[in-house]
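Just so you know, ligand 1 is whichever comes first in the structure, and atom 1 is the first atom listed for that ligand. As the structure is a prediction and not an experimental result, all values here were calculated from the model.
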Amino acid sequence: MNLDEFNQASAAEAQQAIAHCVALPDWIASLVAARPWRSLDALLVVADGLAQRWDGVALSRALSAHPRIGERAAGAGKEAQLSRQEQGEVNEADALLTQALAACNAAYERRFGRVFLIRAKGRSGEQMLAELQRRLQNEAPQEQREALHQLREITLLRLKETFL
Ligand SMILES: NC(=O)NC1=NC(=O)NC1=O
């Protein structure tokens, strides 16, 4: 879908067109209600501005649509398909890497009470493992800030790709 089609679509179609970006209905509805967008840049600026307001509650809600790093997203939905693409560089054949990711994901969830979130696109499994091990040392407030930053990156990447 291009931006003109997004602007012309019904509200329901427009919501459906960007629902895969993040599992936060208010954010989706705000971007649909603010149509017509004069440019993709204008949309991305407002989308990021709204995403800057996300807090721990939004983070927890959004995580429902993000499988763990190193676990293949099951299901046929667009989010699952995107997650598989985004995590495409994780070499699942590397058993040691997969085991390390699983162990560190579990440690992260024990420490912070939620799934570790990272913008996976463009990162190898090794790079994500290193980030996971670094962030495991964070205090809770700093880690929430980092996780929210990653959620914004994933969401804005997905939004941009919807219209390219
Ligand atoms: N737990 C995660 O970080 N999951 C993901 N990161 C991405 O970039 N896509 C995902 O599904």
Side-chain angles (χ1 to χ4, degrees), residues 1 15-28 30-31 40 43-164:
M1 176 180 280
Q15 289 200 4
Q16 186 55 38
I18 60 171
H20 62 279
C21 295
V22 71
L24 294 173
D26 291 353
W27 182 85
I28 303 287
S30 300
L31 298 181
L40 178 54
L43 168 58
L44 293 171
V45 163
V46 169
D48 187 49
L50 290 172
Q52 296 288 343
R53 297 184 196 160
W54 290 341
D55 58 8
V57 171
L59 178 59
S60 299
R61 284 200 187 124
L63 281 172
S64 61
H66 288 281
R68 288 183 185 82
I69 291 297
E71 286 184 3
R72 279 193 75 71
K78 184 145 174 80
E79 282 96 339
Q81 176 206 340
L82 282 167
S83 289
R84 285 192 293 271
Q85 282 170 7
E86 288 155 348
Q87 297 194 39
E89 290 186 51
V90 179
N91 173 6
E92 274 139 14
D94 183 337
L96 277 179
L97 173 65
T98 307
Q99 282 166 5
L101 281 168
C104 290
N105 270 319
Y108 182 98
E109 289 170 39
R110 278 194 302 276
R111 177 170 167 79
F112 296 110
R114 59 172 186 268
V115 167
F116 169 71
L117 187 74
I118 188 169
R119 183 263 300 152
K121 195 175 185 66
R123 283 186 162 118
S124 69
E126 290 78 5
Q127 286 170 322
M128 289 193 280
L129 177 60
E131 273 296 274
L132 176 41
Q133 289 169 331
R134 175 183 70 77
R135 287 171 50 189
L136 259 170
Q137 313 307 317
N138 281 342
E139 294 303 316
Q142 169 63 17
E143 181 47 31
Q144 179 169 298
R145 282 191 294 274
E146 292 213 40
L148 281 166
H149 180 70
Q150 296 301 303
L151 181 62
R152 288 195 299 275
E153 275 197 24
I154 296 166
T155 303
L156 270 292
L157 266 176
R158 289 184 175 185
L159 183 63
K160 196 181 301 180
E161 282 169 8
T162 303
F163 296 107
L164 290 185

Query raised in the report: What protein heavy atom is closest to atom 6 (N) of ligand 1, reported as residue, atom name and distance in Å?
Result: Ile118 O, 2.8 Å
**Report entry** Numbering as shown, the atoms of ligand 1 that approach Arg119 to under 4.0 Å (heavy-atom distance)
**Finding:** 8 (O)
Query raised in the report: Relative to the heavy atoms of Ile154, which atoms of ligand 1 are at a distance of less than 4.0 Å?
Result: 6 (N), 7 (C), 8 (O)
**Report entry** Per-atom contacts, ligand 1 versus Leu117 - under 4.0 Å to a heavy atom
**Finding:** 2 (C), 3 (O)
Query raised in the report: Is it the case that Gln52 and Asp48 place a side-chain donor and acceptor less than 3.5 Å from each other?
Result: yes
Query raised in the report: Taking Glu86 as the fixed residue, which of Lys121, Arg119, Arg158 is the one that meets the side-chain hydrogen bond (donor to acceptor under 3.5 Å, both in side chains) rule?
Result: Arg158
Report summary line: shortest atom 9 (N) of ligand 1-to-protein heavy-atom contact is with Glu86 OE1, 2.7 Å
Report summary line: Nearest non-hydrogen contact to atom 8 (O) of ligand 1 from the set Ala147, Ala120, Ser83 belongs to Ala120
Query raised in the report: Does the side chain of Gln142 pick up a donor-acceptor pair with the side chain of Glu146 at under 3.5 Å?
Result: yes
Query - Contact atoms of ligand 1, heavy-atom distance to Pro67 under 4.0 Å - result: 1 (N), 2 (C), 4 (N), 11 (O)
Query - Between Gln81 and Arg84: side-chain donor-acceptor atoms closer than 3.5 Å - result: no
Requested in this report: Could you list the atoms of ligand 1 found under 4.0 angstrom from a heavy atom of Gln87?
Outcome: 4 (N), 5 (C), 10 (C), 11 (O)
Query - Heavy-atom closest contact (Val115 atom, Glu109 atom, distance) - result: CA-CG, 3.9 Å
Query raised in the report: Do side-chain atoms of Trp27 reach the backbone of Ala47 as a donor and acceptor pair under 3.5 angstrom?
Result: yes
